There are 2 protein chains.
Amino acid sequence: MNSRPSASPATLQDVAREAGVSLATASRSLNGSVRKVHDDYRQRVLEAAARLNYSPNLSAQAVAKGASSTVALLVSDIADPYFSSIAAGVIRAAEAKGLIVTMAATARSSVRELELVRALRGQRPQVIILTGSRLEGPPAHDALVAELQAFINTGGRVVLISQRELPFSTVVVDNYLGARALANSLVEQGYRRFAAIGGARALMTSTDRLSGFADGLAEHGIAIHPNHVARAEFTRDGGYTAGQHLLATGITGVQLVFAVNDVMAIGAMSAFRDGGLAVPESIAVAGFDDISTARDVTPALTTVRVPLEELGSRAVELAFSESDSPANDVVTVGTTVVLRESSPAI
Amino acid sequence: MNSRPSASPATLQDVAREAGVSLATASRSLNGSVRKVHDDYRQRVLEAAARLNYSPNLSAQAVAKGASSTVALLVSDIADPYFSSIAAGVIRAAEAKGLIVTMAATARSSVRELELVRALRGQRPQVIILTGSRLEGPPAHDALVAELQAFINTGGRVVLISQRELPFSTVVVDNYLGARALANSLVEQGYRRFAAIGGARALMTSTDRLSGFADGLAEHGIAIHPNHVARAEFTRDGGYTAGQHLLATGITGVQLVFAVNDVMAIGAMSAFRDGGLAVPESIAVAGFDDISTARDVTPALTTVRVPLEELGSRAVELAFSESDSPANDVVTVGTTVVLRESSPAI
DNA sequence: CCGAATTGGGAAAGCGTTATCCGTCTCCTG
DNA sequence: CAGGAGACGGATAACGCTTTCCCAATTCGG
């Protein structure tokens, strides 16, 4: 079925010859140029191109124009639904602008990240978008900033997603406000006594959510007892461990446990169940993120929806709005509280 | 913080000048060339490059060499964990080969898919990888085949993932064998009376899994009553509907319901529960795919693991193994049965 | 020691485009 | 009907890089 395995693709020169016009005319008729070309010529060229199955060489265009039409996206792990949703948003927004997205995965290594930024820079993309937390040692951090700065200095744009720590434009989630809103909704549902599960103290995401939640409760004169706050890894297993910990140290009287993300909440739910506490009958649970699993667990998880795709599309938009004023803008996207069966009204 | 907003990136010419050597020498020292260059010269060039923060222009290299170093990946929807896992595998394998991955999403539209293939062809990628089912009308189908064939004729490679219908190299999942193995395991667990939920008759994936399951049971002299097979959409809601349907038409005596994919199985679980049947006490359930949610639902879902990442990495490998013999190879990847709480031994 | 390989730097010819510049031709104005 | 102004096609010079090809300087065999 595969006929001639190789023969070079038709070039613009071929098309011009086939149409009996000059290279310049062919170029002008195939891409929007400022210059007009007569309809009959243009027709001839278009037909010739179709006949030869011509497809313009993007690399050559990039070289000639001095600007490529790609967006580079760096994520920790594309298989993670958090990042893949962001990627979907980036791709959607980029396609709308006629840009192609190239992706690479850092596997959470800051060394790898640096290498990849370097490599991607070679593509001369319009934008480099970075997302995913770095567990960085400062040296790698500085090198990364330097590399990105070099990219900006030579006309590139850089946008970060969800990390305020670096001196570049950023799209962030309003973790604080989301958690506060959740606290309010839960109080409205009748809950009064809470416990919480957080991540490492250094994780901005975790602390923002925790303090938003605490402040939301404070508005109603409610406080969480320090003993009722557990900290663990930002994973499902971390949530399980934290759940066990709470169980062990005693949470009698606590009506609801708030975990700073859904996977931890789900882990905690397992821990409670394994410890003999029915969810939500004996203890209610709430999370944060609204990953798709949140809807499918039993009971379905009350959480705060983070518009992940929007995070991605906003990043692309931010990059281009910025074109005139290359300041380090921060765009904040809001969240929505989603009440489900894991926290029934009481 | 953003110093000079624009100045063009350093070129190889700049590096050569800075190092006081010719363009040719600079090129030869910065990329592995056949030709050797004296260590002192090479050192000078390397230092100059570092000083200028030089990063080779990949587009220019591609034009000069006549070959780019990218892999193009087309998926239906990157936010879908099925595709994002495949993408992860593709990215991993491509990076290992020093290739950059560019991705686009078809949103399941065959028109869009055709457009994207056309656009991606402009990148002159080494490989185009296509995955995701097409709900095609034949015209779009033919145009797509023509476009891909044109790409191959001009020296490109095409690999499909999980779709035997098109005349190109393909990586497929052994759905039949996986389902058969699942059937055997379930019989071993003590189950004897089964119902099944499938997708549309035209969906190869669904029919392969169904027939594999049936054949596996047949080995033990067990058959599924035709009335105990429901068909619905390949989604969670489809599974719910099918579950309700089974409930309505009566499945007394049935011990386990096999759904051809996990999302349908999860939908069916909800339907059973809503219909008053406890899972797994009154009825056991099994799915196929092992999406990450399968582990998190309650009860955790028995299923057949499909090595999605491997699907992606195999596709890349297939593309390059093929380089000598451009045949339309088919690589089949195996699956693993994963028994969980939704089908306890009885 | 002399001529023949061998080594390795530099000039320059591409690669497939776009963009600048230069004509020619037509059309409008007075 | 002269003369200036648009239109618009065609050469051709970039763009940033790789890769011949050429040639001077070494090394080496006899």
Side-chain angles (χ1 to χ4, degrees), chain A residues 6-46 48-49 52-70 119 121-125 154-155, chain B residues 7-46 48-49 52-70 119 121-125 154-156:
Chain A
S6 81
S8 355
T11 76
L12 190 57
Q13 189 64 259
D14 298 335
V15 174
R17 193 178 314 117
E18 171 91 7
V21 301
S22 78
L23 190 54
T25 304
S27 171
R28 290 199 268 253
S29 6
L30 285 173
N31 345 20
S33 155
V34 195
R35 289 278 300 267
K36 258 192 287 186
V37 23
H38 246 173
D39 269 354
D40 23 349
Y41 276 79
R42 142 173 272 116
Q43 269 316 318
R44 287 238 299 279
V45 173
L46 260 41
L52 297 182
N53 217 323
Y54 171 73
S55 150
N57 185 321
L58 261 40
S59 294
Q61 286 190 329
V63 173
K65 294 208 249 219
S68 80
S69 55
T70 68
R121 199 146 81 79
Q123 284 237 12
R124 303 281 183 276
T154 56
Chain B
S8 356
T11 75
L12 188 57
Q13 189 66 259
D14 298 336
V15 175
R17 191 177 318 117
E18 171 90 8
V21 301
S22 78
L23 189 55
T25 304
S27 169
R28 291 198 268 253
S29 359
L30 286 174
N31 342 17
S33 155
V34 194
R35 289 276 303 264
K36 260 192 284 186
V37 24
H38 245 176
D39 269 353
D40 22 349
Y41 276 77
R42 137 172 278 116
Q43 269 316 317
R44 287 238 300 280
V45 174
L46 260 39
L52 298 182
N53 216 325
Y54 172 74
S55 147
N57 184 320
L58 261 40
S59 294
Q61 285 190 327
V63 173
K65 294 207 245 215
S68 81
S69 56
T70 68
R121 199 145 80 80
Q123 284 236 12
R124 303 282 182 276
T154 56

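These figures come from a predicted structure and were not determined experimentally. Quick note on labels: first sequence line is chain A, next is B, and so on, each numbered from 1.
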**Asked** Can you name the side chain to side chain contact (heavy atoms under 4.5 Å, CB included) partners of A:Leu58, sequence neighbours left out?
**Response** A:Gln61, A:Ile100, B:Gln123

**Prompt:** What residues form a side chain to side chain contact (heavy atoms under 4.5 Å, CB included) with B:Val45, not counting sequence neighbours?
**Reply:** B:Val15, B:Ala19, B:Val21, B:Ala26, B:Ser29, B:Leu30

**Asked** Can a donor-acceptor pair under 3.5 Å be found between the side-chain atoms of A:Arg124 and the base atoms of D:dG16?
**Response** no

**Base C:dG8 to side chain B:Arg28, donor-acceptor N/O within 3.5 Å cut-off** = no

Give each protein N/O atom lying under 3.5 Å from an N/O atom of nucleotides 12-15 of chain C, with the pair distance.
unit_1: C:dC15; atom_1: O2; unit_2: B:Ala64; atom_2: N; d: 3.4

**Asked** Looking at the side chain of A:Ser22, which of C:dG16, D:dG10, D:dC22 is the nearest nucleotide?
**Response** D:dG10

**Message:** Can you tell me which nucleotide in D:dG9, D:dT18, C:dA11 comes closest to the side chain of B:Asn31?
**Reply:** D:dT18

Whole angstroms only, please: what is the [atom1]-[atom2] distance between [X] and [N]?
X: B:Lys36; N: D:dT26; atom1: NZ; atom2: C1'; result: 14 Å
X: B:His38; N: C:dT6; atom1: NE2; atom2: P; result: 17 Å
X: A:Gln123; N: D:dC17; atom1: CD; atom2: P; result: 14 Å
X: A:Gln13; N: D:dG10; atom1: CD; atom2: P; result: 12 Å
X: B:Leu58; N: D:dC17; atom1: CG; atom2: P; result: 10 Å
X: B:Asp40; N: C:dT7; atom1: CG; atom2: P; result: 17 Å
X: B:Leu12; N: C:dG10; atom1: CG; atom2: P; result: 13 Å
X: A:Arg17; N: D:dG10; atom1: CZ; atom2: C1'; result: 16 Å

**Fill in**
Of all heavy-atom pairs linking A:Ser59 and B:Ala62, the shortest is OG-CB, 3.6 Å

**Message:** On DNA chain C, compare the nucleotides closest to A:Asn57 and B:Gly20; which residue's is nearer the 5' end?
**Reply:** B:Gly20

Quick one: does [X]'s side chain get under 4.5 Å of [Y]'s, heavy atoms only?
X: B:Asn31; Y: B:Pro56; result: no
X: A:Ser8; Y: B:Thr154; result: no
X: A:Arg124; Y: B:Pro9; result: yes
X: B:Asn53; Y: A:Arg121; result: yes
X: A:Tyr54; Y: A:Asp14; result: no

With a cut-off of less than 4.0 Å, is there a side-chain N or O of [X] near OP1 or OP2 of [N]?
X: A:Ser27; N: C:dT17; result: no
X: A:Tyr41; N: D:dA7; result: no
X: B:Gln61; N: D:dT18; result: yes

**Item:** Partner residues of A:Glu18 under the side chain to side chain donor-acceptor pair (under 3.5 Å) criterion, sequence neighbours left out
**Value:** A:Arg51

**Fill in**
Sorted by chain and residue number, the side chain to side chain donor-acceptor pair (under 3.5 Å) partners of A:Ser68 (sequence neighbours excluded) come out as A:Thr70

**Prompt:** Want to settle it: does B:Arg35 or B:Ser55 sit nearer the 5' end of DNA chain D, counting the closest nucleotide to each?
**Reply:** B:Ser55

**Degree of bending in the helix from C:dC1-D:dG30 to C:dG30-D:dC1 once both end axes are built from five pairs, to 10°** = 30°

